[in-house]
Amino acid sequence: MAQTHVLFVEDDDVIRETTQLSLERDGFRVTVAADGRAGMEEFLASRPDVALLDVMLPGMNGVSLCRRIREESLIPVIMLSARDDPVDIVVGLEAGADDYVTKPFDSAVLTARIRAVLRRTEGRRPDTGSDNGALRFGDVEIDPDGVRVLRGGEVVALTPTEMRLLLRFADSPGTVLSRDILLESVWDYAWGGDSRVVDVHVQRLRNKIGAERIATVRGFGYKLVGPDR
């Protein structure tokens with residue numbers, strides 16, 4: 001079985017080297033870079049399966065690097081931040097990142113987060129519903145089997161995490177889903193996680209399929225406005 005290829009972009013030599021060794025011990029193949037521009041060059045040259053990007057990078061910061069990667073690919077991206085700053089976290093997620101980890105981090109936790117985000121790229125639907133063919137929500141058409149979304153007849157480009165989130169909503173149209181439920185079923189966070197991850201991904205999804213399609217139920221969560229049968 002081919003090793004999962006991780007691109008790790010971090011300017012701190014100690015963190016970069018120790019994390020690389022830890023990930024390699026856990027079975028990953030790791031390519032490293034010490035600044036944003038070198039990270040983009042490595043990405044284009046090696047086409048990794050997942051990218052770990054520090055927010056504060058010289059040359060090109062991690063948020064800008066994430067945007068550049070998103071222009072080329074839908075691979076999972078995890079941002080690493082030394083500050084538990086809501087602005088840093090939200091900006092990184094809005095740039096297209098799938099998740100974030102705050103430094104300092106435990107190597108086992110980082111490995112678990114990488115494996116969780118990779119599971120979301122396998123094309124598996126959340127195990128919460130049955131296959132009923134294409135679903136229509138206004139001008140949005142969801143093909144669960146083909147893992148494809150159309151809006152007004154045009155293909156909507158979704159990241160794997162956005163697709164899993166939409167499929168989870170589509171399995172229970174009209175049902176309010178709490179952030180905790182979404183973190184567990186979409187992000188595989190059985191232990192709980194940061195609800196900001198959910199909020200930013202919902203906003204990104206609204207921007208792509210229409211804000212009216214996902215309603216906020218204040219104090220409880222979100223629901224997908226029912227399909228047209």
Side-chain angles (χ1 to χ4, degrees), residues 3-36 38-40 42-43 46 48-70 73 75-122 159-161 164-165 179-180 182-201 204:
Q3 287 180 298
T4 298
H5 184 192
V6 178
L7 172 63
F8 180 37
V9 188
E10 166 64 63
D11 62 318
D12 185 294
D13 294 341
V14 174
I15 295 175
R16 187 175 62 252
E17 292 170 10
T18 56
T19 303
Q20 179 181 6
L21 289 173
S22 174
L23 292 175
E24 289 174 343
R25 282 196 301 268
D26 287 334
F28 297 103
R29 180 164 65 93
V30 183
T31 297
V32 297
D35 63 69
M40 191 64 196
E42 290 289 355
F43 168 78
S46 61
D49 300 306
V50 59
L52 305 179
L53 312 178
D54 184 33
V55 171
M56 302 298 291
L57 291 171
M60 178 194 303
N61 66 39
V63 173
S64 297
L65 177 55
C66 180
R67 290 195 182 101
R68 289 286 305 278
I69 289 175
R70 275 286 166 262
S73 172
I75 67 164
V77 175
I78 298 175
M79 303 299 296
L80 306 175
S81 175
R83 301 183 300 170
D84 189 14
D85 186 329
V87 175
D88 279 357
I89 293 165
V90 170
V91 169
L93 292 169
E94 288 179 342
D98 296 272
D99 202 351
Y100 78 93
V101 175
T102 302
K103 297 190 290 187
F105 48 79
D106 183 274
S107 60
V109 170
L110 181 61
T111 293
R113 300 285 276 270
I114 293 171
R115 287 177 174 158
V117 79
L118 286 169
R119 283 195 294 271
R120 302 201 291 272
T121 71
E122 295 175 357
T159 68
T161 301
R164 281 183 61 86
L165 180 59
R179 292 169 176 84
D180 287 342
L182 292 171
L183 281 168
E184 181 174 356
S185 59
V186 178
W187 279 266
D188 294 332
Y189 287 177
W191 47 267
D194 192 329
S195 64
R196 288 172 294 192
V197 174
V198 176
D199 296 337
V200 174
H201 276 81
R204 279 166 42 182

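Note that the structure is a prediction, hence the values are computed from the model and not measured.
- Rounded to the nearest 0.5 Å, atoms CG (Leu110) and CG (Asp26) are 9.0 Å apart.
- Side-chain atoms of Ile15 and Phe8, non-hydrogen and from C-beta on, do get closer than 4.5 Å to each other.
- In this structure, Met56 and Asp11 have side chains that are not in contact, with every pair of non-hydrogen atoms separated by 4.5 Å or more.
- The shortest side-chain heavy-atom distance between Leu93 and Val91 does not fall under the 4.5 Å cut-off.
- Between Thr161 and His201, the side chains place no donor N or O within less than 3.5 Å of an acceptor N or O (distance only, hydrogens not considered).
- Of the inter-residue distances, the one linking Met40 atom CE with Arg67 atom CZ reads 13.5 Å to the nearest 0.5 angstrom.
- Under the side chain to side chain contact (heavy atoms under 4.5 Å, CB included) criterion, Arg179 pairs with Ser195, Val198, Asp199, Tyr222, not counting sequence neighbours.
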Carefully, step by step, assess Val50 and Val77 under the rule side-chain contact (heavy atoms from CB on, under 4.5 Å).
-> CA-CA 6 Å; Val50 59; Val77 175; over 6 Å; no
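- Separation of atoms CZ (Arg29) and CG (Leu7) is listed at 11.0 Å; rounding is to 0.5 Å.
- A donor-acceptor pair is defined here as one N or O able to donate and one able to accept, closer than 3.5 Å; such a pair exists between the side chain of Arg70 and the backbone of Ser73.
- For the pair Met79 and Gly92, the tightest heavy-atom approach, listed with the atom from each and the gap, is CG-CA, 4.3 Å.
- Looking at Thr111, its side chain does come within 3.5 Å of a backbone N or O of Ser107 through a donor-acceptor pair.
- Closest of all the heavy-atom pairs between Ile69 and Ala51 is CD1-CB, 4.3 Å.
- Formation of a donor-acceptor pair under 3.5 Å by the Arg164 side chain with backbone atoms of Ser185 is found in this model.
- Contact check for Gln20 versus Val6: no side-chain heavy atoms found under the 4.5 Å cut-off.
- Side-chain contact between Leu23 and Leu52 is present, with at least one heavy-atom pair separated by less than 4.5 Å.
- Under the 3.5 Å distance criterion, the side-chain polar atoms of Ser22 are left unmatched by any main-chain donor or acceptor of Thr18.
- Between Lys103 and Ser81 there is no side-chain heavy-atom pair separated by less than 4.5 Å.
- Between the side chain of Arg113 and the backbone N or O of Tyr100, at least one donor-acceptor pair lies under 3.5 Å.
- Residues Trp187 and Val117 fail the side-chain proximity criterion, which asks for heavy atoms closer than 4.5 Å.
- Formation of a donor-acceptor pair under 3.5 Å by the Arg204 side chain with backbone atoms of Thr159 is not found in this model.
- A donor-acceptor pair under 3.5 Å is absent between the side-chain atoms of Asp54 and the main chain of Val9, judged by distance alone.
- The minimum heavy-atom distance between Gly96 and Cys66, with the atom names listed, is C-SG, 3.8 Å.
- With sequence neighbours excluded, the residues forming a side chain to side chain donor-acceptor pair (under 3.5 Å) with Asn61 are Ser64, listed by chain and number.
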Apply the test side-chain contact (heavy atoms from CB on, under 4.5 Å) to residues Arg115 and Phe28: give CA-CA distance (whole Å), side-chain angles for both, the deciding distance (0.1 Å), then the verdict.
-> CA-CA 10 Å; Arg115 287 177 174 158; Phe28 297 103; 3.9 Å; yes
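- Put simply, the side chain of Phe43 does not reach to within 4.5 Å of the side chain of Thr31, judged on heavy atoms.
- The line from CD1 of Ile78 to CG of Leu118 is 7.5 Å long, rounded to the nearest 0.5 Å.
- Checked by atom type, the side-chain pair Thr4/Asp49 shows no donor-acceptor distance below 3.5 Å.
- Rounded to the nearest 0.5 angstrom, Leu165 CG and Asp98 CG are separated by 11.5 Å.
- To the nearest 0.5 Å, atoms CG (Leu53) and CZ (Arg68) are separated by 12.5 Å.
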